[in-house]
Visitor: 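Mind looking over this structure? Questions follow.
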Amino acid sequence: MLSELQQRPPDPILGLSVKFKADDNPQKIDLGPGIYKDEHGNTPVLACVKAAEKHRLDTETSKTYISSAGSALFNQKIEQLNLAEHRVIEQNRVRTVSTPGGTGALRIAGELINTARAGTTIWVSNPTWANHQGVFTAAGLNVKTYPYYDYDNKCLDFEGMLAVLKQVPGSDAVLFHACCHNPSGMDLNAQQWQQIAELAKDIGFLPVIDMAYQGFGSGLDEDAYGLRLMADVVDEMIYCSSCSKNFGLYRERIGACSVIACDSEAADRVASVLMPTVRVNYSMPPAHGAAIVETILSSEELTLAWHSELAMMRDRISDMRQLLVEKLKQQGVTQDFGFITRQNGMFSFLGISPEQVQRLMDEYSVYIVGSSRINVAAVSSDNVEYLTRSIASVLNG
Ligand code: LMR
């Protein structure tokens, strides 16, 4: 049976890391997967995480099962982080399960929607994270796209987006990125969020918000603006959050799927479906990452330390956006890359051709996703010279 399986291509993002590891060029640069790196190319364990881990090591008394929903304290803390003092919490309308990363949250969200209405269509932005389509299809949903990024003008195609979303049936779901849009770095502004939220309310489609980068754009509250506004306006929605990037807990796999229902009875029914959905997938989420996050968020001192480490990462990414654009100019590149400084979070498209992407990899050992998405968080003052020289050579012939 298994010999009948057909070879599949490597993952468009994770596959790059395999190639990168095998490359022996000492100047190689990996701008593929969205992983934060410091000035020296390391992905550090945050000091607040180390402190929380030490605390857990000293105080943990059992490794027994917790629950399919994960730790209740983590779920409460993450809701507060995402929603702040939102009235939907007070109204007892939110139910959260912790999940294996943000991807696990998306899968649970997809399955929940599919249980409510089998084969629901979910609309995702064009472009979107390369894994969205696969995750939702695997959950049984039908995936369609709405316009989002204007590749020619390197900005948001809000008119195009709105025109298509106006036609979406009320029985469908629509996925939005809360902030730091992956892969384009183009986010909705406050007024655009308002229009989208009103549209969701009028038409009745289910908003699903992916918030994988809270704190990496403008700040923890600023990045949750759209999510909180949507929760103000609509009766029900789902959102998925992740602690991979903002807590640097990539391999611990900790995220959350939160559902806001129209009232507390409906929320209880949702929870009764969430639990068996988790049970048949992985029974229970891993606990270590959740324990770290709840320890940090339960301590004023560790929370402050986390805020400052997060701000450091965010500021470094924003500095690298400026530096990249300056250095490209200095290398004699005449195209305008200024748009990179107007985008948010880890990613931007360079806007170069697939052949140029391939040449960057083959000739210069610079690894970026085939769509020309770069992880700006992996640019540093150490590698920016070589990087921009390589891009300039590829652009100039
Ligand atoms: C990315 O988009 O690079 C990250 O979210 C990592 C991943 O899992 O794809």
Side-chain angles (χ1 to χ4, degrees), residues 8-21 28-38 41-44 99-110 124-139 143 145 148-149 175-187 208-217 223 239-257 282 285-286 289 310 313-314 317 320-321 340 343-350 357 360-361 366-379:
R8 297 247 190 124
D11 182 87
I13 296 175
L14 303 182
L16 282 175
S17 295
V18 178
K19 283 195 184 147
F20 177 79
K21 276 191 191 124
K28 65 183 178 177
I29 304 175
D30 185 4
L31 303 184
I35 299 168
Y36 177 83
K37 297 193 186 146
D38 66 15
N42 301 318
T43 304
T99 53
T103 308
L106 290 163
R107 178 64 186 257
I108 293 300
V124 301
S125 59
N126 178 20
T128 195
W129 180 43
N131 209 21
H132 277 146
Q133 163 100 37
V135 169
F136 291 132
T137 305
V143 181
T145 61
Y148 189 81
Y149 188 62
L175 181 87
F176 302 100
H177 298 226
C179 59
C180 308
H181 182 267
N182 179 4
S184 73
M186 281 314 307
D187 289 332
V208 180
I209 300 189
D210 186 357
M211 184 156 68
Y213 298 92
Q214 188 184 4
F216 264 62
D223 293 351
Y239 72 88
C240 300
S241 55
S242 168
C243 303
S244 299
K245 326 282 159 144
N246 52 11
F247 285 89
L249 291 172
Y250 301 88
R251 67 173 65 160
E252 306 301 352
R253 309 312 297 137
I254 179 62
C257 176
Y282 48 83
L310 180 60
M313 293 194 281
R314 177 171 64 242
I317 296 173
M320 288 306 110
R321 287 184 173 276
I340 291 178
Q343 297 172 341
N344 297 315
M346 283 185 155
F347 308 112
S348 279
F349 286 123
L350 277 183
V357 170
L360 274 179
M361 187 160 74
V366 172
Y367 291 77
I368 71 176
V369 179
S371 58
S372 90
R373 186 196 82 167
I374 56 165
N375 172 21
V376 186
V379 178

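Given the structure is predicted, the values throughout are model-derived calculations rather than measurements. One-based numbering, in listed order, for ligands and for the atoms of each.
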Visitor: Can you tell me if Ile13 contacts ligand 1 (heavy atom of the residue under 4.0 Å from the ligand)?
Guide: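 Flag set, Ile13 near ligand 1.
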
Visitor: Side chain, backbone, both or neither: which applies to Asn131 and ligand 1 if a contact is any heavy-atom pair less than 4.0 Å apart?
Guide: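 Neither part.
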
Visitor: Can you tell which of Ile368, Val366, Val357, Ile29 makes a side chain to side chain contact (heavy atoms under 4.5 Å, CB included) with Ile374?
Guide: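 The passing option is Ile368.
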
Visitor: Would you please indicate if the ring centroids of Tyr148 and His181 are separated by under 6.0 Å?
Guide: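 Centroid separation for Tyr148 and His181: below 6.0 Å.
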
Visitor: What do you reckon, does Met346 put a non-hydrogen atom under 4.0 Å from ligand 1?
Guide: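 Heavy atoms of Met346 never come under 4.0 Å of ligand 1.
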
Visitor: Identify the two heavy atoms, one from Asp223 and one from Gly217, that lie closest to each other, and give their separation to 0.1 Å.
Guide: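 Looks like OD2-N, 2.8 Å.
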
Visitor: Side chains of Ser125 and His132: any donor to acceptor distance under 3.5 Å?
Guide: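 The criterion, which ignores hydrogens and geometry beyond distance, is not satisfied for Ser125 and His132.
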
Visitor: Kindly determine whether Tyr250 and Lys245 satisfy side chain to side chain contact (heavy atoms under 4.5 Å, CB included), including the steps that lead there.
Guide: CA-CA 7 Å; Tyr250 301 88; Lys245 326 282 159 144; 3.7 Å; yes

Visitor: Within the structure, does Gly32 bring an N/O atom to less than 3.5 angstrom of an N/O atom in ligand 1?
Guide: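 So ligand 1 has no N or O lying under 3.5 Å from an N or O of Gly32.
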
Visitor: Which residue is it: Thr128, Asn182, Asp187? I am looking for the one with a side chain to side chain donor-acceptor pair (under 3.5 Å) to His177.
Guide: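 The side chain to side chain donor-acceptor pair (under 3.5 Å) with His177 is passed solely by Thr128 among Thr128, Asn182, Asp187.
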
Visitor: From atom 9 (O) of ligand 1, work out which of Tyr250, Trp129, Tyr213 has a heavy atom at the shortest distance.
Guide: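 Of the listed residues, Trp129 has the closest heavy atom.
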
Visitor: Can you list the atoms of ligand 1 that are under 4.0 Å from a heavy atom of Lys245?
Guide: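 Those of ligand 1 that fall under 4.0 Å from Lys245 are 4 (C), 5 (O), 6 (C).
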
Visitor: Using a 4.0 Å cut-off to any heavy atom of Arg373, which atoms of ligand 1 qualify?
Guide: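 The list of qualifying atoms is 1 (C), 2 (O), 3 (O).
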
Visitor: Evaluate whether atom NZ of Lys28 has more than 12 neighbouring non-hydrogen atoms of other residues, nucleotides or ligands under 6.0 angstrom away.
Guide: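 Correct, the count exceeds 12.
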
Visitor: Need the ligand 1 atom indices (1-based, order shown) with element for anything under 4.0 Å from a heavy-atom of Gly34.
Guide: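 What qualifies from ligand 1 is 1 (C), 3 (O), 4 (C).
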
Visitor: I'd like to check which ligand 1 atoms, numbered from 1 as shown, lie under 4.0 Å from a non-hydrogen atom of Pro33.
Guide: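 So the answer, numbered in order with elements, is 3 (O).
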
